[in-house]
2 protein chains.
Amino acid sequence: MAIKRITITELAKELNTTPSTVSRALRGHECISREMRDKVNDLAIKRNYTVNRLASSLRSGSSKTLGIIVPRVNRDFFSNCISGIEEVAAKAGYTSIICQTHDEQEKEEKSVLSLIESNVAGILISTWSDSSQSPAFIEANRLGIPVIFFDRATKDINQNKVVVDDNLGAYEGVKHLIEQGYKRIVHFAGPQHIKIYNDRKEGYLKALREFNIPIDKNLIVENPLSKDIGYDAILPFLKGPKKADALFSASDYAALGAIIRIKEMGISIPDEMGIVGFSNEMFTSIIDPPMTTIDQHSKRIGNYAVQACLEAIKEENPVFKNIVLSPTLIIRESSLKKPLRIINK
Amino acid sequence: MAIKRITITELAKELNTTPSTVSRALRGHECISREMRDKVNDLAIKRNYTVNRLASSLRSGSSKTLGIIVPRVNRDFFSNCISGIEEVAAKAGYTSIICQTHDEQEKEEKSVLSLIESNVAGILISTWSDSSQSPAFIEANRLGIPVIFFDRATKDINQNKVVVDDNLGAYEGVKHLIEQGYKRIVHFAGPQHIKIYNDRKEGYLKALREFNIPIDKNLIVENPLSKDIGYDAILPFLKGPKKADALFSASDYAALGAIIRIKEMGISIPDEMGIVGFSNEMFTSIIDPPMTTIDQHSKRIGNYAVQACLEAIKEENPVFKNIVLSPTLIIRESSLKKPLRIINK
DNA sequence: TAAAAATATGTAAACGTTTGCATGAAGTAA
DNA sequence: TTACTTCATGCAAACGTTTACATATTTTTA
C-alpha cells in the first residue's frame, strides 16, 4: 500500500547531480548557483518532495520540535498557554508535541522520557513542580535539552521559569474582598507542595495581616481544587460556628463548585457571601453571578516561555531565566457588596 | 553543553558484543538468550539509555507517532476527543502530535504536511471537511498514511470516518422543543459547507415537517457560531414581526451568546423562549438556566477514531470505515416549559 | 559418529539526510 | 604563462538504529 516517498537522492539522479547539492539547494545554501537552486526547487515541487525530518534531525542532531507538557489541555489557562507557545514556535519553524499528565507524576516522568526519545529541542512544562530533580529531568539536563517551567514552576533556582506573581495576585484578590467589607474569608488552597498554591496562600495571609484581620486556620482548606470538591468543601462555612462571609479560591473550578452549593442553599452572592476565584477561566464571566477572578495572562506566559526556550536552545552557555508577570484582578459581581463601581466583562 | 546520549553501540562495546545483539535484546527478541537479555537490560538502565526514535523510525520505516488535527484544543468537545484518542493510543505505544488549525484552511494544509514530514503513522483530523481532495491529503493517501476524519468529516465516501449522527441529534433536539409547545423555532446553522452543520439543519427541518410546522426561512441564520455572533444574531427574533419562541443552535457557544442577550432584554427562559444547544460543552450545565443540549460522546469518538486508525495502519488493504454514533439529548431547564419532568444534571 | 537441526550471535548494509573535505572549472593577478 | 583565488559541485562518511543473511556453537537425530 504505502508508496515510498521521494528522496533527495532520487531528485539528484533525475537532475544528474548529487544528493549533497540537492540538499544544499533546498536549504538555500549560498554556495549553490542560482540556476541549480531553481532547477532543484522546481523539481521538488513537481515531485511533491517533502523533507524527511527523521533523517534530517538524525544527521544534523537538531530537531525543530518542542515538547509541551501540561496537566490537561481542556483548561482555558493551559490551552491559551499552548496557543501562546505555538504562535511563536511556528514562526521560528518549530512544531510541538503536546503531552497531558492529568496531574499524575508518573505520566509526567513518562512524558519527559518520551519527549527525549523523540529528540525534542526543548521542553516546556507546567506541572508537578518539585520534580525538577527526578530522573527524567536530570537526564534532560545531562543531554543539554533546555527545560522551561511555566506557571507551575519548581522551587529550584537553577531552572528556567516563566511564572505569574501568584503571591501578588492572591494579595490583590483578598485585599479587594476586605475593602468590600468581608471579614471572615475562607481560602481554598491547593496542594501546598505545588509552589503556585503555596504562593497564593502566602498572598492571602499577607493581605489579612496588612489589614489586621486575625488569621483563622480553620478557614484554610487544602484540597485538590476540583469543582466537585469545592461543592463539598464550602458546606461547613455556610452556617454554624465556622460561618464565613467570603471565599478566596486558588482555583476557579473549586469556586464554581462552591457557588453552585451556595446558590442551592439560598444564600445570596455577593451580599451574604463574596467570591473571588483564580485563573479567569472562560466560564467565570458567564455564570450567575459573574465571578471576580485573577487573570494570569496565559497567552503571554506561553510567548515568554517559548522565547526563553528558543534562546536556551541557541546559546552555548545559557543563563537561567526567571520571568515573573504580574497578574490582573478582574472584578465582577460575585465580590461587589458595595454599590457597583467597576465591572469588567 | 549538550552531552551526547548513550547509544546502542556503546552499550555493545561495554558488553563485548554487537549493536545488533543489544538491539534485539532490548526489544525482547526471542532468539536472544535470557542471560544476555538481562545483562543488556541491566546495563541500559544503569546507563540511562533511551532509544533514539529518530534513528529507529528511520531505519524501520514505522513511527509510532500519530498526528491529531483539531480546530482548537480548548473546546471541551475536542479536548475530550483528544483524551479519548490518547487513552487508546498510549496503550498501543503511540505518542501523538497535536496541531490546531483555528479553523483556517491554510493551517490545516500546513499541519498535514508537517505531520507527513514528521513521519506520523496516521492522521486523525476534525476540521475543514471538504478538503479531502486538497494536495496535502492526496499526498498522505499516496504515501499510504491512513487519515481518519472524526466529527467533522468529508462528504467523500472513500475515507475513514467516525461521526455522530448529527441529523438525528438535531431532530431529537427540535422534536423536544416542539413537544414542549414551542412553535416558532429559530435555527442558528453553521457554515453549510461543513457537513455536520448541514446535517444538523436537515434534522431541524425534518422535525418541523414531521410535526407539520411550516418552515420559515427567515428563522434560519447561517453564521460562524461564536458566542459574540450569537449575542447579535438573536436580536431580530426577540420582538417585532420575526418574533420567535425558541432557539435551536448548532453550537453551544452561539446559544450562550443568545442567552446572555435574552436575559439582558428581560425575556424569560424557558417560559418565553426555549433554548437547545449542541455539543454539551462544560459550561452548559452551570449557566443560568442550565442549557438543554446534545451530547456527542466525544471521548468515545476519540476511542473509535484511533482504533480505526491503528487498524488501518496494520492492514495491507484497508477498507474504509464509516462509524456513526448516536448522540444523546440532555434535557435541562432552558427548554422545559411544561412542568418539570426530567432534568439531567 | 557424522549429519542435520536448533540456538545464539555477528556482519554489514540500509534508512535519508547533512557536512567536512576534496576537486575541478573559471576568473584574476603578477 | 604561472600561480593564486573564487565559485560550484562531488565524494564519502556519519547520525543510531534495524534486519537479512551468515557464521559459530550446541543439541538432536539416525
Side-chain angles (χ1 to χ4, degrees), chain A residues 2-41 43-44 47-65 93 116-121 143-144, chain B residues 2-41 43-44 47-65 93 116-121 143-144:
Chain A
I3 288 169
K4 269 199 355 187
R5 62 208 300 166
I6 197 152
T7 71
I8 230 173
T9 317
E10 295 169 73
L11 293 182
K13 272 201 193 118
E14 198 160 340
L15 291 170
N16 281 318
T17 176
T18 60
S20 47
T21 303
V22 174
S23 169
R24 286 190 265 247
L26 287 171
R27 281 172 306 140
H29 224 278
E30 82 284 333
C31 76
I32 297 290
S33 66
R34 166 148 299 284
E35 186 198 17
M36 177 61 96
R37 215 181 304 174
D38 291 346
K39 268 204 309 187
V40 170
N41 282 313
L43 187 67
R47 291 267 173 282
N48 276 319
Y49 171 80
T50 49
V51 68
N52 184 332
R53 280 218 269 258
L54 296 181
S56 163
S57 300
L58 176 60
R59 173 56 233 241
S60 70
S62 75
S63 92
K64 292 285 184 183
T65 303
I116 291 175
E117 286 182 2
S118 298
N119 291 56
V120 294
L143 296 174
Chain B
I3 289 170
K4 267 197 356 186
R5 64 208 298 166
I6 197 154
T7 71
I8 229 173
T9 316
E10 295 169 73
L11 293 183
K13 270 198 194 122
E14 199 160 339
L15 291 170
N16 282 316
T17 177
T18 60
S20 49
T21 303
V22 175
S23 169
R24 286 191 266 246
L26 287 172
R27 283 172 304 140
H29 223 278
E30 83 283 336
C31 75
I32 296 291
S33 65
R34 167 147 298 283
E35 186 199 18
M36 176 62 95
R37 214 181 302 174
D38 291 345
K39 269 204 308 187
V40 169
N41 282 312
L43 187 66
R47 291 266 174 283
N48 278 318
Y49 170 80
T50 48
V51 67
N52 184 331
R53 280 219 269 260
L54 296 182
S56 164
S57 299
L58 175 60
R59 171 56 231 241
S60 71
S62 76
S63 92
K64 293 282 183 184
T65 303
I116 292 176
E117 287 182 2
S118 298
N119 292 55
V120 293
L143 295 174

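Any value given below was found using the heavy atoms of this structure, including those in side chains, with hydrogens, waters and symmetry copies removed. We name chains A, B, ... by the order of the sequence lines, and we start the count at 1 in each one. Everything numeric in this text was worked out from a predicted model, so none of it was measured.
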Looking at every strand, decide which applies to [X] at a 4.0 Å heavy-atom threshold: base, sugar-phosphate, or nothing.
X	answer
Thr7(A)	sugar-phosphate
Ser23(B)	base
Ser33(B)	sugar-phosphate
Thr9(A)	base

Minimal non-hydrogen separation, [X] against [Y], with atom names:
X	Y	answer
Ile8(B)	Tyr49(B)	N-CE1, 3.7 Å
Ala12(B)	Pro19(B)	CB-N, 3.5 Å
Ala25(B)	Arg37(B)	O-CG, 3.6 Å
Arg5(A)	Val51(A)	NH2-O, 3.7 Å
Ser118(A)	Arg53(B)	OG-NH2, 3.0 Å

Take atom [atom1] of [X] and atom [atom2] of [N], then tell me their distance rounded to the nearest Å.
X	N	atom1	atom2	value
Arg27(A)	dT19(C)	CZ	C1'	8 Å
Asn16(B)	dT9(C)	CG	P	13 Å
His29(A)	dC21(C)	NE2	P	14 Å
Lys64(A)	dT18(C)	NZ	C1'	15 Å
Ile32(A)	dT18(C)	CD1	C1'	13 Å

(message) With a strict under 4.0 Å distance from non-hydrogen atoms of chain A, what nucleotide opens and what nucleotide closes the contacted stretch of DNA chain D, reading 5' to 3'?
(response)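 That gives a stretch of dA8(D) to dG16(D).
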(message) It should be established whether Thr21(B) places a side-chain nitrogen or oxygen under 4.0 Å from OP1 or OP2 of nucleotide dG10(C).
(response)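 Checking Thr21(B) against dG10(C): at least one side-chain N or O falls below 4.0 Å of OP1 or OP2.
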(message) Is there a side-chain contact between Thr17(B) and the phosphate of dG10(C), meaning an N or O under 4.0 Å from OP1 or OP2?
(response) yes
(request) Mind checking the OG1-CG spacing from Thr65(A) to Leu54(B)? Nearest 0.5 Å is all I need. (result) 8.0 Å
(request) State the CZ-OG1 distance between Arg24(B) and Thr17(B), to the nearest 0.5 angstrom. (result)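 Going from CZ on Arg24(B) over to OG1 on Thr17(B), the span is 9.5 Å.
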(request) Kindly determine whether Thr21(B) and Thr18(B) satisfy side chain to side chain donor-acceptor pair (under 3.5 Å), including the steps that lead there. (result) CA-CA 5 Å; Thr21(B) 303; Thr18(B) 60; 3.2 Å; yes
[Y] side chain reached by [X] side chain, heavy atoms, under 4.5 Å:
X	Y	answer
Leu143(B)	Ile116(B)	yes
Asp38(A)	Arg34(A)	yes
Leu58(B)	Asn52(A)	yes

Dump every N/O contact between nucleotides 26-28 of chain C and the protein below 3.5 Å, one line per pair.
none

(request) Using the closest heavy atom to pick a nucleotide of DNA chain D for each, name whichever of Glu30(A) or Ser20(A) lands nearer the 5' end. (result)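 In this pair, the answer is Glu30(A).
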(message) Quick test of your reading of the model: are Arg47(B) and Glu14(B) salt-bridged, counting only N-O distances below 4.0 Å?
(response) yes
(message) Which residues in residues 48-60 of chain B have a heavy atom closer than 4.0 Å to any atom of DNA chain C?
(response) Leu58(B), Arg59(B)
